[in-house]
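Before any comments, here is the structure.
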Amino acid sequence: MAGESQNWVLMATAQTPTNIAVIKYWGKRDETLILPVNDSISVTLDPNHLCTTTTVAVSPTFNQDRMWLNGKEISLSGGRFQNCLREIRTRACDVEDNKKGIKITKEDWGKLHLHIASYNNFPTAAGLASSAAGFACLVYALGKLMNVKEDESQLSAIARQGSGSACRSLFGGFVKWIMGKEDNGSDSLAVQLVDEKHWDDLVIVIAVVSSRQKETSSTSGMRESVETSLLLQHRAKEIVPKRTLQMEEAIKNCDFASFSRLTCADSNQFHAVCLDTSPPIFYMNDTSHRIISIIEKWNRSEEAPQVAYTFDAGPNAVMIARNRKAATLLIQRLLYYFPPNSDDLNSYIIGDQSIAKDAGINGMQDVEALPPPPEIKDNIPSQKYKGDVSYFICTRPGRGPVLLSDESQALLNSENGLPK
Ligand SMILES: Nc1ncnc2c1ncn2[C@@H]1O[C@H](COP(=O)(O)OP(=O)(O)OP(=O)(O)O)[C@@H](O)[C@H]1O
Ligand SMILES: C[C@@](O)(CCOP(=O)(O)OP(=O)(O)O)CC(=O)O
């Protein structure tokens with residue numbers, strides 16, 4: 001290790017998106033390596049609205065690996081962090097920074113300690129896939145710092161060992177996690193199906209139904225399903241292999257009718273597996289069920305489906321609209337049924353707020369004036385559920401990880417490697 005002085009700090013900062021599965025990963029065949037029982041497919045969400053930023057730093061002055069998440073120091077002793085750090089360190093290469101007079105050899109990386117600071121611009125552990133964006137960002141940023149030569153797919157196999165769904169956040173657009181066959185997990189990695197420009201009509205609206213931490217984590221929930229659900233085994237063997245092929249075809253052809261049918265069916269089957277688990281796991285709540293009914297009724301009243309829905313291990317609804325027009329009609333329906341508790345519309349619809357404007361929603365008076373959706377016109381007046389949704393996030397399919405070269409965006413101080 002060479003440097004003019006031993007006080008240098010070398011850093012890299014990356015930004016990584018989260019993703020939502022349209023064919024769900026639920027069940028592992030290896031708990032430590034995080035190898036799944038089936039392939040899965042996801043859409044990457046626009047990092048302008050939901051993302052993780054992570055700065056990683058190395059310095060001879062650091063005496064242990066340390067990490068700060070959203071400003072608070074957390075322990076790195078967990079097996080998942082340790083596995084990711086070990087795997088990325090073994091792939092590190094020589095690094096030279098002539099300006100700072102730094103030379104780190106491949107062998108040095110085993111002796112040097114790291115500082116890591118990460119920030120999620122959305123609630124952590126609230127069913128919005130913070131672990132996916134978080135581990136993808138950690139691995140991507142370390143890969144850049146350590147001059148790792150591997151491509152994104154190979155990095156995804158490392159991120160997978162932090163959290164399974166994290167492997168799909170190494171790419172933008174639509175992404176497939178190939179389950180692989182090898183016992184050592186070397187072929188269980190993510191590949192990009194199409195980039196974010198391929199199907200750029202799609203608009204995504206997330207209803208954050210509850211941002212409280214959930215009762216059953218995905219990790220323990222899927223373990224219980226593997227142990228007790230026969231439906232899970234049928235799904236993994238018979239359903240997902242065919243459905244994955246159909247989904248790939250639908251994405252390739254931008255065929256929204258098929259995409260919507262497959263997405264809704266797969267979400268519903270994943271929650272059926274949760275119910276088939278002993279004891280049963282309930283991730284969706286009454287609000288989630290109401291959202292499903294509203295979309296099903298609306299889709300059936302149209303010639304073709306307008307919106308697909310999908311739910312992860314929590315009550316939040318992720319709705320994918322076929323285009324901007326459908327998204328404005330969706331927002332009108334959602335605001336009709338779920339008006340905000342307060343008058344602050346600006347914090348009730350976040351992300352791409354122009355969709356609400358296009359829907360003619362500029363203030364509370366517009367929400368109050370919304371007519372009942374036409375598909376319920378002959379029915380008894382519908383009930384409203386004020387306050388049952390915390391807020392909505394409007395977004396779209398987005399790009400994969402990027403390196404942020406502007407030092408002002410770093411979360412660690414370049415002088416001492418401590419959080420800014
Ligand atoms: N930015 C981050 N960097 C590294 N690890 C993170 C980051 N954000 C979250 N994590 C890890 O992920 C854990 C939260 O994962 P968890 O699966 O409980 O929630 P989630 O990913 O937000 O929700 P879900 O998996 O249901 O979508 C945190 O306790 C932490 O270990
Ligand atoms: C329902 C899901 O979101 C489950 C995600 O599970 P995680 O990736 O959070 O689980 P671990 O691998 O144990 O960390 C479906 C999906 O994202 O495919």
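We're numbering straight along the sequence, starting at 1.
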Thr55 side chain near Ile116 side chain, heavy-atom distance below 4.5 Å:
no

Nearest heavy-atom neighbours spanning Ser260 and Val307
OG-O, 3.6 Å

Okay, side chain of Asn83, backbone of Arg80: is any donor-acceptor separation there less than 3.5 Å?
no

Would you verify whether the NZ or CZ of Arg290 falls within 45 degrees of the ring axis of Tyr385 while also being under 6.0 Å from that six-membered ring's centre?
yes

Step through the shown structure and confirm whether more than 12 heavy atoms of other residues, nucleotides or ligands are within 6.0 Å of NZ on Lys237.
no

Looking at residues at least two apart in the chain, or sitting in another chain, which of them share a salt bridge (Lys or Arg N to Asp or Glu O under 4.0 Å) with Arg86?
none

Does Glu227 pair with Arg223 as a salt bridge, N-O distance under 4.0 Å?
no

Give a yes or no on whether the backbone of Val226 and the side-chain of Ser229 come within a donor-acceptor separation of less than 3.5 Å.
no

Side chain to side chain donor-acceptor pair (under 3.5 Å) partners of residues 191-201, not counting sequence neighbours, each pair once:
none

Would you say Trp26 and Ser218 make side-chain contact, with heavy atoms under 4.5 Å?
yes

Any side-chain to backbone donor/acceptor pair from Asp352 onto Thr395? Under 3.5 Å, distance only.
no

Sequence neighbours excluded - salt bridge (Lys or Arg N to Asp or Glu O under 4.0 Å) pairs with any residue from residues 139-155:
Arg91-Glu150

Can Ser40 and Arg168 be counted as having a side-chain donor-acceptor contact under 3.5 angstrom?
yes

For the residue pair Glu238 and Pro241, what are the closest heavy atoms and their distance?
C-CD, 4.0 Å

Do Asp65 and Arg89 meet the salt-bridge criterion of a basic N to acidic O distance under 4.0 Å?
yes

Step through the shown structure and confirm whether more than 12 heavy atoms of other residues, nucleotides or ligands are within 6.0 Å of CD on Gln64.
yes

What's the shortest heavy-atom distance between Leu170 and Tyr140, and which atoms?
CD1-CD1, 3.9 Å

Check this for me: Glu407, atom CD, are more than 12 non-hydrogen atoms of other residues, nucleotides or ligands nearer than 6.0 Å?
no

Does CG belonging to Asn184 count more than 12 external heavy atoms closer than 6.0 Å?
yes

Are Tyr337 and Gln383 linked by a side-chain donor-acceptor pair shorter than 3.5 Å?
no

Sub-4.5 Å side-chain heavy-atom contact between Val43 and Pro397:
yes

Does a side chain donor of either Ser156 or Ser153 reach within less than 3.5 Å of an acceptor in the other side chain?
no

Looking at Ser267 and Cys264, would you say the former's side chain and the latter's main chain have a donor-acceptor pair under 3.5 Å?
no

Decide whether a cation-pi geometry holds between Arg333 and Trp298; the criteria are a distance under 6.0 Å from NZ or CZ to the six-membered ring centre and an angle within 45° of the ring axis.
yes

Given Asp266, Asp312, Asp39, the one that forms salt bridge (charged side-chain N to carboxylate O under 4.0 Å, His left out) with Lys24:
Asp312

Verdict with reasoning, Ile204 to Leu45, per side chain to side chain contact (heavy atoms under 4.5 Å, CB included)
CA-CA 8 Å; Ile204 300 173; Leu45 305 184; 3.5 Å; yes

Verify whether the ring centers belonging to Phe392 and Phe338 lie closer than 6.0 Å.
no

Residue pair Asn323 / Val203, side-chain heavy-atom distance below 4.5 Å
no

Backbone N/O of Ala359 and side chain of Gln332: donor-acceptor pair under 3.5 Å:
yes

Could you tell me if the side chain of Tyr309 sits less than 4.5 Å from the side chain of Ile320, heavy atoms only?
no

Heavy atoms only: give me the nearest Phe171-Ala190 pair and the separation to one decimal.
CE1-O, 3.4 Å

Would Phe135 and Phe81 count as a ring pair (Phe, Tyr, Trp, His ring centres under 6.0 Å) if you check the C-alpha gap in whole Å, the side-chain angles of each, and the deciding distance to 0.1 Å?
CA-CA 8 Å; Phe135 279 103; Phe81 280 117; 4.9 Å; yes

Polar side chain donor-acceptor pair, Ser188 to Trp177, under 3.5 angstrom
yes

Would you find a donor on one side and an acceptor on the other, under 3.5 Å apart, between the side chain of Asn285 and the backbone of Pro315?
no

Could you tell me if Asp94 and Thr105 have a donor-acceptor pair between their side chains, going purely by distance under 3.5 Å?
no

Looking only at the side chains, is there a donor atom on one of Thr52 and Asn120 sitting less than 3.5 Å from an acceptor on the other?
yes

Short side-chain donor-acceptor distance under 3.5 Å, Ser342 and Asp344:
no

Asn346 and Gln353 side chains, donor-acceptor separation under 3.5 Å
yes

Does Asn253 use its side chain to pair, donor to acceptor, with the backbone of Glu249 at less than 3.5 Å?
yes

Hey, which of Val56, Ile88, Val148 is the one that makes side-chain contact (heavy atoms from CB on, under 4.5 Å) with Val139?
Ile88

Does atom NZ (Lys357) have a neighbourhood of more than 12 heavy atoms from anything else shown, all under 6.0 Å?
yes

Quiz question: by atom type and distance under 3.5 Å, do the side chains of Ser118 and Thr54 form a donor-acceptor pair?
yes

Cut-off 3.5 Å, side chains only: do Asp343 and Tyr348 have a donor facing an acceptor?
no

Show the nearest heavy-atom pair for residues Pro401 and Thr16, with the distance to one decimal.
CB-OG1, 3.7 Å

Is a side-chain donor or acceptor of Asp366 paired with a backbone partner of Asn362 at a separation under 3.5 angstrom?
yes

Which heavy atom of Asn19 sits nearest to which heavy atom of Ser165, and what is that distance?
ND2-O, 3.1 Å

Is Ile178 close to Val191 at the side-chain level, that is, under 4.5 Å between some pair of heavy atoms?
yes

Donor-acceptor contact present, side-chain Gln306 to main-chain Glu302, <3.5 Å:
no

Tell me, do Met222 and Tyr25 make a side-chain contact under 4.5 Å, heavy atoms counted?
yes

Which distance, rounded to the nearest 0.5 Å, do you find between the CD of Glu248 and the CD1 of Ile23?
9.5 Å

Quick one: does His115's side chain have a donor or acceptor within less than 3.5 Å of a partner on Phe62's backbone?
no

Donor-acceptor pair between Ser75 and Arg66 side chains, under 3.5 angstrom:
no

